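To keep things clear, I will list the structure first and then write my remarks on it.
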Amino acid sequence: MAVRSSAPASRVITVVGPTAAGKSDLGVFLAQQLDGEVVNADSMQLYRGMDIGTAKLTLAERGSVPHHLLDIWDVTETASVAEYQRLARAEIDRLLAAGRTPVLVGGSGLYVKGAIDALEFPGTDPDVRARLEEELVERGSGALHARLAAADPEAGRAILPSNGRRIVRALEVIEITGKPFTANLPGNDAVYDTVQIGVDVARPELDERIALRVDRMWAAGLVDEVRALETEGLREGRTASRALGYQQVLAALARECTEEEARAETVRATKRFARRQDSWFRRDPRVHWLSGAAADRGELPRRALALIERAVTA
């Protein structure tokens with residue numbers, strides 16, 4: 001598309017939605033049209049070497065648009081929303097000061113919120129954390145999740161019973177603050193003037209895209225990528241080892257399942273994850289949803305640009 005926007009670089013654009021919806025390509029297009037640069041908001045694309053399984057755009061696919069906050073952490077580093085917030089806001093502030101448009105692209109809901117909304121992170125207590133982590137090992141995540149659900153039903157619904165790390169953090173925050181974990185989650189108090197675009201794809205089509213994407217990842221060498229990252233400590237990485245696709249391949253390499261079972265589970269887990277992503281972003285009334293269906297894909301870039309233009313002149 002040859003049309004170029006004259007919108008001033010005074011606001012942040014976000015492109016959000018479930019995995020496989022088409023966010024990355026739209027983000028590149030908008031950055032090209034708005035004299036902008038992309039800031040990554042996919043928590044797993046922050047990791048170096050995790051390329052195939054995270055659908056990280058290649059240099060050619062980035063269309064000469066600078067991309068920031070990709071490949072910044074080793075796979076052994078534990079993800080931190082607070083650290084991401086610091087890094088993302090530094091990039092956003094730098095781009096705005098230079099007259100460039102920051103285009104925040106990704107499906108990690110809390111990372112997006114941490115970047116653009118008022119969000120303070122409760123501190124941590126090493127003793128409380130150590131005690132809860134010991135309980136996690138001894139009793140399992142299911143028992144701790146039951147305790148979380150009783151103390152904060154909303155958090156219990158939002159956090160999977162298998163996600164021991166997030167359960168421990170939620171219980172730690174409840175104990176430290178004396179308030180429900182969800183009381184510390186962000187509202188919709190923005191720190192930047194932001195236009196949020198959600199890419200919407202109906203579930204049957206999205207499920208089909210996810211299955212095809214996983215097949216392409218396997219064909220592109222995901223198993224070899226995981227095998228190489230295992231030598232760099234992936235299996236010990238508390239966050240990276242749980243990434244979709246990587247967790248399943250690690251299980252296959254450990255002979256806990258077959259490779260075909262790992263592939264099938266990756267498809268199932270990714271479909272579940274996409275539903276949770278969609279639910280998260282649907283709760284935010286500020287997100288403007290546009291169809292990313294195959295039938296509308298040709299019109300999506302134009303519609304997104306028109307939406308931003310209208311918001312700028314409103």
Side-chain angles (χ1 to χ4, degrees), residues 1-42 45 57 61-70 85 88-109 111-118 186-202 206 277-278 280-314:
M1 187 177 293
V3 177
R4 207 170 165 83
S5 173
S6 58
S10 60
R11 62 182 63 205
V12 178
I13 310 301
T14 71
V15 181
V16 301
T19 189
K23 300 184 297 295
S24 297
D25 290 341
L26 179 59
V28 168
F29 170 82
L30 292 176
Q32 290 171 334
Q33 300 300 312
L34 298 168
D35 193 25
E37 301 182 14
V38 169
V39 179
N40 168 53
D42 180 316
Q45 291 192 9
L57 293 183
E61 290 169 335
R62 296 174 199 176
S64 300
V65 172
H67 279 59
H68 306 284
L69 302 189
L70 293 173
Q85 180 188 64
R89 289 187 178 178
E91 291 292 348
I92 290 169
D93 291 343
R94 180 184 62 79
L95 290 169
L96 290 173
R100 306 277 284 172
T101 300
V103 183
L104 193 69
V105 180
S108 298
Y111 282 62
V112 173
K113 268 197 168 295
I116 66 171
D117 287 341
N188 294 331
D189 300 323
V191 296
Y192 297 103
D193 188 7
T194 306
V195 179
Q196 298 201 59
I197 297 172
V199 184
D200 181 34
V201 179
L206 189 66
Q277 287 177 299
D278 191 68
W280 173 282
F281 291 114
R282 295 280 178 190
R283 291 198 295 266
D284 191 336
R286 300 169 300 173
V287 176
H288 303 273
W289 290 93
L290 298 174
S291 174
D296 300 318
R297 190 174 292 171
E299 288 295 303
L300 175 61
R302 182 188 64 79
R303 290 172 178 167
L305 195 60
L307 189 155
I308 294 167
E309 296 275 11
R310 288 196 302 272
V312 167
T313 57

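Values in this document were obtained by computation on a predicted structure and should not be read as measured data.
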- [ ] Measure the CD-CG distance between Gln196 and Asn188 for me, rounded to the nearest 0.5 Å.
- [x] 8.0 Å

Task: Counterpart residues, side-chain hydrogen bond (donor to acceptor under 3.5 Å, both in side chains), relative to Thr19 (two or more places apart) - done: Arg213

Open item on the list: Set out, in order, the CA-CA distance, both residues' side-chain angles and the distance that settles side-chain contact (heavy atoms from CB on, under 4.5 Å) for Asp200 and Leu290, then state yes or no.
Closed with: CA-CA 6 Å; Asp200 181 34; Leu290 298 174; over 6 Å; no

Open item on the list: With no hydrogens and no angle check, just 3.5 Å: does a side-chain donor-acceptor pair link His68 and Glu37?
Closed with: yes

Task: Trp289 and Arg282: CA distance, side-chain angles, deciding distance, side-chain contact (heavy atoms from CB on, under 4.5 Å) verdict - done: CA-CA 9 Å; Trp289 290 93; Arg282 295 280 178 190; 3.5 Å; yes

Task: Single hit among Val12, Asp35, Ile13, Ile308 for side chain to side chain contact (heavy atoms under 4.5 Å, CB included) with Thr101 - done: Ile13

TODO: Measure the spacing between CZ of Phe281 and NZ of Lys113 and express it to the nearest 0.5 Å.
DONE: 9.5 Å

TODO: Starting at OH of Tyr192, measure out to OG1 of Thr14 and round the result to the nearest 0.5 Å.
DONE: 13.5 Å

Open item on the list: Testing Leu300, Leu57, Val199 one by one against Asp25 for a side chain to side chain contact (heavy atoms under 4.5 Å, CB included), which residue passes?
Closed with: Leu57

Task: Inter-residue atom distance His288.NE2 - Arg310.CZ, 0.5 Å rounding - done: 8.5 Å

- [ ] Find out whether Val287 and Ile197 are in side-chain contact, i.e. whether some heavy atom of one side chain is under 4.5 Å from a heavy atom of the other.
- [x] no

Open item on the list: Run the side-chain hydrogen bond (donor to acceptor under 3.5 Å, both in side chains) test against Asp42 and tell me which residues pass, sequence neighbours left out.
Closed with: none

Task: Residues Gln45, Val105; criterion side-chain contact (heavy atoms from CB on, under 4.5 Å); working and verdict - done: CA-CA 11 Å; Gln45 291 192 9; Val105 180; over 6 Å; no

Open item on the list: Rounded at 0.5 Å granularity, tell me how far CG in Asp117 sits from OG1 in Thr194.
Closed with: 7.5 Å

